[in-house]
Enquirer: 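Take a look at the following structure, please.
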Amino acid sequence: MTTIAPTLKRSKLFRWDFWNFVTVIAFAVVLLLLLYPLFSIFLNSFFYEGQFSIESYQDFFTLEYYYSSLINSLIVCSMATVFATCLGVPVAYIMTRFELPFKSVIHILIILTLLSPPFIGAYSWILMLGNNGFITNLLNGWGLNVPSIYGLHGMIWVFTIQFYPHIYLYVSGALKTMDSSLEEASSSLGSTKWRKLRTITLPLIFPTLSTGALMVFMASFADFGTPMLLGQGTKLLPILAYEQFINEMGSNPAMASTLSMILLAVSTTILFLQRYLVTRKSYSMSSMTEPKLIKLKPVQKFFAMLFIGLVICVSMIPQATVITTSFLKTNGPVFTSEFSLDSYREVIYRVPHAILNTFTYSSVAIVLMVLAGLLLSYIVVRRNSKVSSLLDAFIMIPYVIPGTVLGISFIIAFNKPPIEITGTWIILVAAYFIRKLPYTMRSSTAILYQIDLSVEEASISLGVPPMKTFFKTTAVLMIPGVFSGAILSWVTTINELSSTIVLYAGSTATITVAIYSQVFTANFGTAAALASILSLSTIISLVVVSIISGKKGIPM
Amino acid sequence: MTEVRIKDVTKYFDDVKGVDAANISIKDGEFFTLLGPSGCGKTTLLRTLVGFHRQEEGDIFFDEQCINDVPTYQRNIGMVFQSYSIFPHMSVFENVAYGLRARKVPKSEIKSRVMEALEMVELAELKDRQPAKMSGGQQQRIALARAIVIHPGLLLMDEPLSNLDAKLRLKMRADIRSLQKELGITTLYVTHDQEEALAVSDRIAVLNKGKIQQIGRPHEIYLTPKNKFVANFIGSTNFLDAKVKKVDTGEMGVEVEGQVYHASINRTAVGEVIYSVRPEQVKINRENHYQGPFVDGIITSASFLGEKAEYMVELTRTKTKIQVHEHAVHYNLLMKEGDAVQLYLNPEEAVIFSEDGEEALNIHDNDRAYLETV
């Protein structure tokens, strides 16, 4: 092809088609639900009682009350990340490299752990190891004095148990795609097993491992329920931001905004730090020879199963506790050993609207997410341009925004004209939509990359207009991929607490908010019943989708 | 059926011309092929015709109608893709019926037309199968049925055989050819495979770097290439440095390897030229079968391929190596490495190009014969 100077005769063809229309709408939504709130909160952090000031930032860095919360957060999250790694890597290694029974069941249980909301875990650990927990009481009865679950160590424990599946999923993925001939080459060069692990396997999975670690850190850092329940005076950053914002003693929106900005700054920094580490150490691996499963000797097998079994048991205990206690009769805040359905009766009597709210809001949000996932991923993948990659980048921002921050920013942005939706259900749906869309987007774009463009071209050439073609061909083919992400969006939406707690008004309370307030008013029975309903919904959703998606296991 | 006229069509990609001022007329019912190496613009031109690209300059006509602004879905074309592009979520029947449903054809007619098309491609009994797991050859047959069932004015095929294995490719190309003739659909076929192009086409346009190099019937393109690129791309050939020694009326003396050959002249030229002679046009002189002049050489390698023998000959004077093919040679005449040979570089068949390779300077007897017929 010859290069020539552009001629005047050439016309740039810009056709005002459907996809341009969708792009404009998408940018409008991003502007409204993401950039405007973030900008509002940023601005707000510099205004104290109507005056420009950087006092809040000064206060944060000088007053121990404020900065200690950041230190606490960093301690808890780093420790949780380290422990989750120590737990997740061996589990992943054992699961991918050795021949063991019940693997698919174990896999599903691990994913279930991840998808149940952390504050329910925290709550059930209180039931067990709290000041009046049954294990605490049991051990006290034997004269043993156990430390209570409250405090930083309790949060680290809950986060570790809750989030190690992130590490497991990422690392086992990497181990599965790793070319085993590399390890064999190492052995043939005379490496011992340990040396092989240290010099070949671990360095090769490092990039993926660090992504998993990032997920653990971010999830712990943004979590609201666990530190709220287990804090008892020790405050983490999201809690402090929330309290500064919603305080009966007179709230301090400037400080709340400042704390939010700090939260955002930290999570963004961590994200870029991880990206920086990974880009320099990333190897593209293609699994030429899939690793063979190693047969273990009976004794080895026993210990491997014991380890996995123990991990699974500990991580399933919270679920089991919650469900069991939900069927116990309560006497004030104390569970008796008598079976009863009182707690469920109480739920229906006291907070029926919470259940209804959770499912209606989440349903509306998920419909919007599926639609947006279908259309926006098409723009990002098929209309590859600077505009579409900018859109992609914007849509992924909510990954790093802690729910509390998003909640506060929404209130600041939408409690005054032109848009006044604070306290309505719309604000909740909007928050869910923008926060959980990345999951649906990710899986939608992933599947779209696998669909040949010429399928659409074939349809168009056969006389079906482009728009109709999209819905008749590509959209249909995308459904499984969109759903696998949408299920994550759905499950995390029904379990959402950290932004809901900021955004709800009395009539728009959801199940998670209800659990939270029931725990705080010591109605442990109702809380347990609500938590069981939530857990069951999560499990049912996962099962339904795994059946629909053709028994390919739970999509992750 | 449709007559297609492509008039001065230019398609840019940024500032690069993907197709450069293409002019083609395809006759009603003709099997027309765009042939060229990858990146030559043949697929770009095809996609411009389909309407997936819009040309920046020039016009495209289907019969008398200019279709520049007609969207793809209204152009009434059938297209067969390299990657089959079968709808994986529909049965074989539904795939073929797709275009008819879009045209709101009555149900009973859909059924009969789909079955008729499936029978043409020998897939009638598989109509209820899911195509995803069918073989490449079967999928391409579905694609073909899907394209012809709508009775398109123009059938477009973009390297339809390149994903099939060699044997299937031969069968499919014969099937495509006979189906096209049977239905009489105007067809535009794109390929990079010159043998395929020669085998199926009524006419071929050879493209390079976005420009049409030559349009002609298969034998014209093979025997009288218009420039060095076409000569080299279609079949294989030997290029020898040569010099025009003298020019007479209608004839020139060309010196190759120290020998002067006389060739009929098309355009007057003097100085350096390129003497292009195909391996089978070089004759080995045994027992003074030819009159000469002859060029001396030594055989450096010899292979016997059944229907022909292939030799590599090093010419004594300039040490240039050329290929020589001999067909149906008696086995006791086969040459071996180290044999000295006399070669006759037949000027009646050779093509003489200008030094830059852009132009053929001589004229052939078969050109004359062709020119007399038209």
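Sequence lines set the chain letters: A, B, ... in the order given, protein chains first and strands last, and positions in each chain run from 1.
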Enquirer: Relative to chain A, which of B:R101, B:Q82, B:Q74, B:R47 shows the most heavy atom pairs under 4.5 Å?
Expert: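 Answer, by heavy-atom pair count under 4.5 Å with chain A: B:R47.
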
Enquirer: Before accepting this row, confirm whether a basic side-chain N of the pair B:K11/B:E56 lies closer than 4.0 Å to the acidic partner's carboxylate O.
Expert: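 Here B:K11 pairs with B:E56 in a salt bridge, since their nearest N and O are under 4.0 Å apart.
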
Enquirer: Check this for me, if you would: do B:K211 and B:D20 make a salt bridge, where the nitrogen-to-carboxylate-oxygen distance has to be below 4.0 angstrom?
Expert: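 Yes, charged N to carboxylate O under 4.0 Å.
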
Enquirer: For the NZ atom on B:K7, are there more than 12 heavy atoms of other groups (residues, nucleotides or ligands in this structure) within a distance under 6.0 Å?
Expert: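 12 or below, so no.
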
Enquirer: Given the rule in the side chain to side chain contact (heavy atoms under 4.5 Å, CB included) test, do A:S172 and A:M95 qualify, once you have shown the distances and angles that lead to the verdict?
Expert: CA-CA 8 Å; A:S172 57; A:M95 286 284 283; 5.7 Å; no

Enquirer: Against chain B, label A:I460 side chain, backbone, both or neither, depending on which of its atoms sit under 4.5 Å from a heavy atom there.
Expert: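 Backbone plus side chain of A:I460, per the 4.5 Å heavy-atom cut-off to chain B.
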
Enquirer: Answer with side chain, backbone, both or neither: which region of B:R103 has an atom nearer than 4.5 Å to a non-hydrogen atom of chain A?
Expert: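 The side chain, not the backbone.
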
Enquirer: Heavy-atom cut-off 4.5 Å, strictly under: side chain, backbone, both or neither for B:L100 against chain A?
Expert: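 For B:L100, neither part sits under 4.5 Å from chain A.
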
Enquirer: Examine whether an atom of A:V455 lies under 4.5 Å from a heavy atom of chain B, and if so say whether it belongs to the side chain, the backbone or both; otherwise answer neither.
Expert: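 Looking at A:V455, backbone and side chain both touch chain B.
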
Enquirer: With a 4.5 angstrom heavy-atom cut-off, which part of B:I150 approaches chain A: side chain, backbone, both or neither?
Expert: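 B:I150 touches chain A through side-chain heavy atoms alone.
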
Enquirer: In sequence, state the C-alpha distance, the side-chain angles, and the governing distance for B:E159 and B:K42, and then conclude on salt bridge (Lys or Arg N to Asp or Glu O under 4.0 Å).
Expert: CA-CA 10 Å; B:E159 308 240 6; B:K42 54 190 191 299; 3.6 Å; yes

Enquirer: Looking only at heavy atoms, which two atoms of A:S454 and B:F81 are closest? And how far apart?
Expert: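 Minimum heavy-atom separation between A:S454 and B:F81: CB-CD2, 3.6 Å.
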
Enquirer: With respect to chain A, which residue among B:A143, B:A147, B:P88 yields the maximal number of heavy-atom pairs within a distance under 4.5 Å?
Expert: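 Option with the top pair count is B:P88.
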
